[in-house]
Amino acid sequence: TSAAIERATGEAPRLMRPPYGKDVARVGRLAGELGLDPTVLWSAQGWDWDTTPASEIEALVLRDCAPGGIVLLHDGVPPHGGTSREPMLEALARILARVRGDGYDVVTVSQLLAAAA
């Protein structure tokens, strides 16, 4: 997967999010051996991988947004089919408008970690 990401983007991935946020210590150790460090979790999520309506995705994310927070949303449909990402995209537009209106800077996880260093 890392090689495919590097071919597609021109940059090797550096961070790792354990699938489902599970088995963090083991995944972190294995990821570190592959040069993926740090292992990153999240502080707000929209549960958008299911059939969650846009209004609920928005409410869940905004409820848990805080300075320095990391939001987990999904940008693709599962490989074996699944729900449309349209509700997530609709919610994301409103989330971004709201947090920017509240004075937040929206950055990547790498930018967030660099600012904290």
Side-chain angles (χ1 to χ4, degrees):
T1 302
S2 292
I5 292 170
E6 187 169 3
R7 280 192 306 274
T9 66
E11 291 189 35
R14 298 183 316 269
L15 307 175
M16 175 63 184
R17 177 187 62 87
Y20 308 101
K22 300 214 182 217
D23 208 3
V24 177
R26 185 179 71 83
V27 171
R29 180 181 51 77
L30 294 170
E33 290 173 7
L34 297 171
L36 300 170
D37 189 54
T39 299
V40 179
L41 296 175
W42 57 91
S43 54
Q45 66 174 318
W47 297 94
D48 60 321
W49 53 267
D50 202 1
T51 57
T52 311
S55 59
E56 189 174 338
I57 294 169
E58 177 185 9
L60 288 166
V61 169
L62 292 175
R63 177 193 71 196
D64 294 331
C65 270
I70 296 173
V71 176
L72 172 64
L73 293 171
H74 298 83
D75 64 352
V77 176
H80 302 293
T83 62
S84 165
R85 290 297 168 235
E86 290 304 315
M88 185 279 295
L89 294 171
E90 181 183 329
L92 180 59
R94 295 194 305 249
I95 292 165
L96 289 172
R98 170 74 180 275
V99 298
R100 287 179 174 144
D102 288 347
Y104 285 87
D105 290 324
V106 178
V107 300
T108 66
V109 173
S110 294
Q111 291 169 321
L112 177 68
L113 295 174

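In this view, R26 and D23 satisfy the side chain to side chain donor-acceptor pair (under 3.5 Å) rule, not counting sequence neighbours. Among residues two or more places apart in sequence or in another chain, the side chain to side chain donor-acceptor pair (under 3.5 Å) test is passed with T108 by Q111. The side chain to side chain donor-acceptor pair (under 3.5 Å) check on E56 picks up nothing, with sequence neighbours excluded. Residues meeting the side chain to side chain donor-acceptor pair (under 3.5 Å) test with S110, sequence neighbours left out: R14.
The line from CD of E11 to OG of S2 is 13.0 Å long, rounded to the nearest 0.5 Å. To the nearest 0.5 angstrom, M88 atom CE is 6.0 Å from D75 atom CG. For the atom pair Q45 CD and D64 CG, the distance stands at 8.5 Å (nearest 0.5 Å).
In the hydrophobic cluster analysis, where Ile, Leu, Val, Met, Phe, Trp and Tyr join through side-chain heavy atoms closer than 4.5 angstrom, I70 is grouped together with L113. Residues I57 and V106 fall within the same hydrophobic cluster, defined by Ile, Leu, Val, Met, Phe, Trp and Tyr side chains chained together at heavy-atom separations under 4.5 Å. Cluster annotation: V24 and M16 are assigned to distinct hydrophobic clusters (Ile/Leu/Val/Met/Phe/Trp/Tyr, side-chain heavy-atom contacts under 4.5 Å, transitive). No continuous path of ILVMFWY side-chain contacts below 4.5 Å connects L73 to V109, so the two sit in separate hydrophobic clusters.
Contact detail for H74 and W49: the closest heavy-atom pair is CE1-CD1, 4.0 Å. Nearest heavy atoms, L60 versus G46: CD1-O, 3.7 Å. Considering every non-hydrogen atom in both A54 and P87, the closest pair reads CB-O, 3.3 Å. Taking all atoms of both residues into account, the shortest heavy-atom contact from L41 to G21 is CD2-CA, 4.1 Å. Heavy atoms only, all atoms of each residue included: L36 and L15 are closest at CD2-O, 4.0 Å.
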**Study point:** Derivation of the side chain to side chain contact (heavy atoms under 4.5 Å, CB included) call for V71 and C65
**Key:** CA-CA 8 Å; V71 176; C65 270; 4.2 Å; yes
Got a list of side-chain donor-acceptor pairs under 3.5 Å for residues 92-100, not counting sequence neighbours?
| from | atom 1 | to | atom 2 | distance (Å) |
| --- | --- | --- | --- | --- |
| R94 | NE | E58 | OE1 | 2.7 |
| R94 | NH1 | E90 | OE2 | 2.9 |
| R94 | NH2 | E58 | OE1 | 3.1 |
| R98 | NE | D102 | OD2 | 3.2 |

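Remark: side-chain polar atoms of R63 are not paired, donor with acceptor, to backbone N or O of A44 under 3.5 angstrom. In this structure, D37 contributes its side chain and G32 its backbone to no donor-acceptor pair below 3.5 Å.
For the pair R17/L72, a side-chain contact is recorded, criterion being any heavy-atom separation below 4.5 Å from C-beta on. By the 4.5 Å heavy-atom criterion applied to side chains, D48 and V61 are not counted as neighbours.
For CD of E33, the number of neighbouring non-hydrogen atoms (other residues, nucleotides, ligands) closer than 6.0 Å is greater than 12.
Grouped with Y20 in a hydrophobic cluster is no other residue, since no side-chain heavy-atom contact under 4.5 Å to another Ile, Leu, Val, Met, Phe, Trp or Tyr is found.
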